[in-house]
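So you know, we letter chains A, B, ... as the sequences are listed, proteins then strands, and number each from 1. When reading the values below, keep in mind they use all heavy atoms of this one structure, side chains included, and skip hydrogens, waters and symmetry mates.
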2 protein chains.
Amino acid sequence: MDDDGLSRVFAALADPTRRAILARLAEGPAPVTELGRPFDMTAQAISKHLKVLERAGLVSRGRQGQWRPCRLEVAPLDRASGWIEHHRAAWEDSLGRLEQEIVRIQEGRGHAHD
Amino acid sequence: MDDDGLSRVFAALADPTRRAILARLAEGPAPVTELGRPFDMTAQAISKHLKVLERAGLVSRGRQGQWRPCRLEVAPLDRASGWIEHHRAAWEDSLGRLEQEIVRIQEGRGHAHD
DNA sequence: GCGATAATCAACCCATCGGTTTATCAACCC
DNA sequence: GGGTTGATAAACCGATGGGTTGATTATCGC
C-alpha cells in the first residue's frame, strides 16, 4: 500500500473487521480484548488490525496497568470525509456548468465562448 | 479484499492514482487515454485501476466509437462519506455523555445511576 | 515468587494488488 | 483491405494483506 496518509486511512477503512472496531470505539474507549470479543479471530489478528488503525492515526493507545485502552481519533476521519465531500462538490459543480451550457445552446447561442 | 460494497469503495479510494482519476472525473467525463495521460504508467495499468473503480461502482463507462468515456458515480461516495459521518457523530455524542458524566461527578453526586 | 491474564512479536501461508510484457479485439481513416 | 489508435485480456512477478501458530513480555492477584 501507499504510505501517504489518506491512502492509509482509506485502506484501514476498507476492512469490515476494522470498521466494526471503529464503530465500537465511537461508543467510547475500550481495551483490546473487549474489541476482539465479537470476532471469531485470534487476539493476534485483532492486534494487527489495531496496528493498522494506529498507523492510519485512527486510534491512539494508552497504557493502564496490563491493559492498553484504545481511543478513536477523529482527525483522519475528517480528512477522509473532507476529500470525498470536496470531490463530490466538484462533480455537482461540473453538472451545474453542464446544465448552464445546455441552456445556452438551447437559447441558440451555440456553445459558449464569451 | 472483502467483497462487501463499502469495503470495495474504501479499497478503491486507498490508492493515489485512483483518487487522482476520480478527481479528474469530478471535472467531467473523460476517455481512458486522457485519464492515463498524467501518469507514468502503461495504459493497461490504468485500465486495471478503472476496473477497480467500476467494480466499486464509482465510475460507469459508455461506448462511443472506439472510445470508452468514463463518468463519476457519486452514490458510493455518499455511502462512504455517510458511514464516516455517522460514526464521527456517534463519537461526538459519546464525548458529550462523558462531559455530562464529569459534570455530575463534580456536582458531588458520584457516578450517576439515577 | 507463581500462575493467570493482556497484549505483542516473529515466522509462516496463501490470496490479492499494482505493475509489467505480450497478444488480441474493435473502430477509425485512407 | 491495411495501418493506426483506443482499450482490454492473459500470464507473470514482487510486494503486501489478513490470518494462523508458537513464543515472549508485562502486569495483576495471591
Under 3.5 Å, sequence neighbours excluded: what are the donor-acceptor pairs made by side chains of residues 50-63 of chain B?
{"unit_1": "Glu54(B)", "atom_1": "OE1", "unit_2": "Arg61(B)", "atom_2": "NE", "d": "3.2"}
{"unit_1": "Glu54(B)", "atom_1": "OE1", "unit_2": "Arg61(B)", "atom_2": "NH2", "d": "3.0"}
{"unit_1": "Ser60(B)", "atom_1": "OG", "unit_2": "Glu73(B)", "atom_2": "OE2", "d": "2.8"}

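- Phosphate contact (OP1/OP2 of dT8(D), side-chain N/O of Ser47(B), threshold under 4.0 Å): present.
- Within the structure, ring pair (Phe, Tyr, Trp, His ring centres under 6.0 Å) pairs that include any residue of residues 36-74 of chain B do not occur (at least two apart or interchain).
- Residue Lys51(B) contributes atom NZ, which lies 16 Å from atom C1' of dG6(D) at whole-angstrom precision.
- In this structure, CG of Leu13(A) is placed 15 Å from P of dG17(D), rounded to the nearest angstrom.
- With sequence neighbours left out, the side chain to side chain contact (heavy atoms under 4.5 Å, CB included) criterion links Ser47(B) to no other residue.
- Picking from dT8(D), dA9(D), dG18(D) the nucleotide with the shortest atom distance to the side chain of Asp15(A) gives dG18(D).
- Residue Thr33(B) places none of its side-chain N or O atoms closer than 4.0 Å to OP1 or OP2 of dT5(D).
- For Ala45(B), the side chain to side chain contact (heavy atoms under 4.5 Å, CB included) test picks out Met41(B), Thr42(B), with sequence neighbours left out.
- Distance Met41(A) CE to dT21(D) C1': 16 Å, rounded to the nearest Å.
- A straight line from CZ of Arg18(A) to C1' of dG18(D) spans 8 Å, rounded to a whole angstrom.
- Within the structure, salt bridge (charged side-chain N to carboxylate O under 4.0 Å, His left out) pairs that include any residue of residues 31-45 of chain A comprise Arg24(A)-Glu34(A) (at least two apart or interchain).
- The side chain of Pro31(B) sits closest to dA7(D) out of dC9(C), dT8(C), dA7(D).
- Residue order along DNA chain D, read from the 5' end via each residue's closest nucleotide, puts Arg68(B) first among Arg68(B) and Ala45(A).
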*asked:* Can you give me the dot-bracket string for DNA chain C, 5' to 3', counting Watson-Crick and G-U wobble pairs with both distances under 3.5 Å, using [ ] for crossing pairs and | for partners on another strand?
replied: ||||||||||||||||||||||||||||||

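- The CG atom of Leu13(B) sits 6.5 Å away from the CG atom of Leu77(B) when rounded to the nearest 0.5 Å.
- The distance from atom CG of Asp40(B) to atom C1' of dT20(C) is 12 Å, rounded to the nearest whole Å.
- Atom-to-atom, CZ of Phe10(A) to P of dT16(D) comes out at 22 Å; the value is rounded to the nearest Å.
- The list of salt bridge (charged side-chain N to carboxylate O under 4.0 Å, His left out) pairs with a residue in residues 9-20 of chain A, not counting sequence neighbours, reads Arg19(A)-Asp4(B).
- Protein atom CG of Leu50(B) is 7 Å distant from nucleotide atom P of dT8(D), rounded to whole Å.
- The shortest heavy-atom contact between Trp91(B) and Val74(A) is CD1-CG1, 3.0 Å.
- Arg61(B) has its CZ atom 9 Å from the C1' atom of dA7(D), to the nearest Å.
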Scan the side chains in residues 80-88 of chain B for donor-acceptor partners under 3.5 Å anywhere in the protein, sequence neighbours excluded, and list what turns up.
{"unit_1": "Ser81(B)", "atom_1": "OG", "unit_2": "Glu85(A)", "atom_2": "OE2", "d": "2.6"}
{"unit_1": "Glu85(B)", "atom_1": "OE1", "unit_2": "Arg88(B)", "atom_2": "NE", "d": "3.3"}
{"unit_1": "Glu85(B)", "atom_1": "OE1", "unit_2": "Arg88(B)", "atom_2": "NH2", "d": "2.9"}
{"unit_1": "Glu85(B)", "atom_1": "OE2", "unit_2": "Ser81(A)", "atom_2": "OG", "d": "2.6"}
{"unit_1": "His87(B)", "atom_1": "ND1", "unit_2": "Trp83(B)", "atom_2": "O", "d": "2.9"}
{"unit_1": "Arg88(B)", "atom_1": "NE", "unit_2": "Asp78(A)", "atom_2": "OD1", "d": "3.1"}

For nucleotides 21-28 of chain C, which of its nitrogen or oxygen atoms have a protein nitrogen or oxygen under 3.5 Å away, and what is each distance?
{"unit_1": "dT22(C)", "atom_1": "O4", "unit_2": "Gln44(B)", "atom_2": "NE2", "d": "2.3"}

